[in-house]
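The next block holds one structure in the form of structure tokens; read it before the comments.
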Amino acid sequence: MSKNKLTFCCQTCGTLYPKWSGQCTGCNEWNTIVEEMNTPAPASRYQGYAGAHQPVMTRMADVTLHEAIRLSTGSQELDRVLGGGIIMGSAILIGGDPGIGKSTLLLQTVAHLGQQMKVLYVTGEESPQQVTLRARRLGLPENQLWLMADTQVESILGHVQKEKPRILVIDSIQTMHTSLLASAPGSVGQVRESAMQLVHYAKQSDTALFLVGHVTKEGSLAGPRVLEHMVDTVLYFEGEQDNRYRMIRAVKNRFGAVNELGIFAMTEKGLREVSHPSAIFLSRSAQAVSGSIITATKEGSRPLLVEVQALVDQSHMANPRRLSVGLENQRLSMLLAVLHRHTGISTHSLDVFLNVVGGLQIFEPAADLPAVFAILSSLRNRALPHDLLAFGELGLSGEIRPVPGGQERLKEAAKHGFKTAIVPQANTAKKTLDGMKIMPVQTLKEAVECLESFN
Ligand code: TYD
Ligand code: MG
């Protein structure tokens with residue numbers, strides 16, 4: 001092994017192997033063994049943030065801060081997701097399913113930035129002709145936008161060090177490979193090592209780096225999330241391809257708030273920002289149907305009105321299905337358990353499906369109450385009024401807990417003509433809202449009774 005410069009290392013327990021294998025004999029984990037360099041890396045290769053030089057101790061009070069300059073991407077939505085714009089020297093990872101619009105978004109962004117500074121777009125997937133064709137079709141400015149079709153990191157960095165672009169885009173990191181490792185491009189070792197070199201260069205040279213990353217079927221970035229730790233900002237594309245709208249969410253941001261959501265519409269002229277998105281997910285049928293209710297969710301700084309749907313049906317399986325799209329599956333099982341325990345309504349022999357319309361992912365518990373209402377509505381086959389809104393977190397002891405930003409949610413709903421809102425007691429509006437009746441509830445039992453008053 002000492003002769004061989006490459007080694008294979010389990011990412012979970014650190015056991016070393018001379019060659020790859022599927023399962024680690026040290027910790028019995030599968031698919032954790034990754035190719036690595038066996039020689040100690042020269043110190044310069046793995047310097048910390050911005051290539052920190054000597055480790056010196058500094059009193060926090062003595063640290064001077066320079067106001068970080070934020071560069072506008074030309075899109076307010078993207079700026080907001082990034083925390084106010086791009087910071088030079090930062091590494092930004094953009095992840096998403098293939099075909100969701102990562103290349104389009106980046107091309108639009110760098111074309112805008114290319115008007116002010118030198119920008120290099122490295123394309124490992126498409127040819128420069130294809131990229132140019134797209135840029136021309138979208139009518140993008142091309143001033144200082146440089147293209148390069150290459151996949152070898154050392155060669156790319158060689159050019160970059162000479163040309164010194166201020167913005168560097170790598171589309172995509174899965175196509176990159178480094179000559180330090182022998183494994184194929186796209187493998188965890190390659191992705192990690194390539195990204196490490198690129199991020200190091202970005203920090204050292206104060207270049208803003210965008211990395212495009214594909215998401216695997218399981219929903220994680222190929223290369224088990226190794227990239228997330230290396231970069232400053234991680235943005236994920238959400239939404240379904242057959243839906244016109246694309247959501248971009250910041251899941252990690254060293255320079256801004258996380259969970260901020262940027263909303264775009266995919267048009268024949270590329271991605272267009274949607275600046276007033278609160279009602280874009282509200283396209284309900286004219287007739288009220290069972291199993292559907294509107295909630296006001298607050299992803300990031302803005303309230304959004306979305307429809308939560310449920311379908312409850314007789315199960316023909318030994319284990320009835322609980323399937324949830326847009327909400328966490330485990331949360332659904334928990335809601336059904338609380339519903340049974342505190343109101344006696346059983347779904348033991350029923351399949352329960354839950355869906356957030358429009359491909360939006362809701363991570364906050366404020367969707368608990370509307371989810372339960374949608375389930376009840378479907379279970380009893382009774383439609384809820386069209387102008388009814390609900391939000392609230394459901395606790396294990398059957399209590400309805402308040403959610404942050406209640407006032408804003410209610411205001412947004414009132415603006416869109418909702419007439420009734422069932423909300424947690426503590427979220428009751430301090431002022432009366434124009435034409436909206438607010439029904440505060442404290443427990444699930446109360447909430448269910450409240451719902452029954454409509455039928
Ligand atoms: P793309 O940016 O190539 O996706 P990714 O890089 O994430 O794989 O986007 C491709 C999709 O977007 C493709 O299915 C077509 C659609 N699209 C439009 O609808 N309008 C456009 O103007 C462009 C450029 C793409
Ligand atoms: Mg692409």
Side-chain angles (χ1 to χ4, degrees), residues 73-75 77-78 81-82 91-114 119-142 145-151 153 156 167-177 185-186 190-191 194-195 198 209-223 225 227-228 231 233-251 261-274 277 280 358-361:
T73 58
S75 147
E77 286 292 290
L78 187 57
V81 176
L82 287 170
I92 300 158
L93 175 68
I94 300 196
D97 294 330
I100 194 110
K102 301 179 294 295
S103 304
T104 309
L105 179 75
L106 280 179
L107 190 62
Q108 287 179 239
T109 306
V110 292
H112 170 81
L113 292 166
V119 173
L120 177 63
Y121 188 102
V122 180
T123 158
E125 289 178 2
E126 292 167 275
S127 67
Q129 285 77 15
Q130 279 175 302
V131 179
T132 310
L133 193 71
R134 184 184 308 195
R136 301 250 158 97
R137 198 170 57 73
L138 300 182
L140 298 175
E142 297 163 20
L145 176 52
W146 292 72
L147 297 175
M148 184 173 168
D150 202 344
T151 54
V153 178
I156 293 169
I167 313 272
L168 176 62
V169 175
I170 304 290
D171 189 359
S172 66
I173 190 67
Q174 272 94 1
T175 57
M176 296 296 140
H177 64 97
Q190 284 285 5
V191 165
S194 304
L198 291 161
L209 171 71
F210 283 97
L211 298 174
V212 171
H214 292 291
V215 169
T216 60
K217 277 209 197 78
E218 295 80 47
S220 69
L221 276 174
R225 311 191 88 120
L227 292 177
E228 290 190 358
V231 297
T233 305
V234 181
L235 308 182
Y236 273 112
F237 262 96
E238 281 173 20
E240 291 145 8
Q241 279 202 31
D242 44 9
N243 193 318
R244 200 162 105 70
Y245 294 108
R246 301 281 192 273
M247 280 75 74
I248 299 176
R249 188 191 298 270
V251 293
L261 203 63
I263 300 186
F264 295 84
M266 184 58 100
T267 68
E268 63 286 351
K269 282 276 171 212
L271 285 164
R272 285 282 138 89
E273 49 188 342
V274 181
I280 57 170
L360 188 75
Q361 296 270 348

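Not measured: the values here are computed from a predicted model. Side-chain atoms are counted along with the backbone in the values below, which use heavy atoms only and exclude waters and symmetry mates. Atoms within each ligand, like the ligands themselves, are counted from 1 in listed order.
In this structure, the side chain of K102 does not engage the main chain of Y236 through any donor-acceptor pair within 3.5 Å. Checking side-chain atoms of Q174 against main-chain N and O of H214 turns up a donor-acceptor pair under 3.5 Å. Here the side chain of R246 pairs no donor or acceptor atom with the backbone of M266 at under 3.5 angstrom. Distance alone, capped at 3.5 Å, is enough to place a donor-acceptor pair between the Q130 side chain and the S127 backbone. In this structure, the side chain of E238 does not engage the main chain of R249 through any donor-acceptor pair within 3.5 Å.
Shortest non-hydrogen contact noted between E273 and G74 is OE2-O, 4.5 Å. What you find for V110 and L145 is that their closest heavy atoms are CG2-CD1, 3.8 Å.
A salt bridge does not link E268 to R137: none of the charged nitrogens lies less than 4.0 Å from a carboxylate oxygen.
Near-neighbour remark for the Mg ion (ligand 2): protein N, O or S atoms under 2.8 Å are S103 OG; waters not counted.
A heavy-atom cutoff of 4.0 Å around ligand 1 is satisfied by the protein residues D97, P98, G99, I100, G101, K102, S103, T104, R134, R137, L138, M266, T267, E268, K269, G270.
The structure places CD1 of I94 at 7.0 Å from OG1 of T109, a figure rounded to the nearest 0.5 Å.
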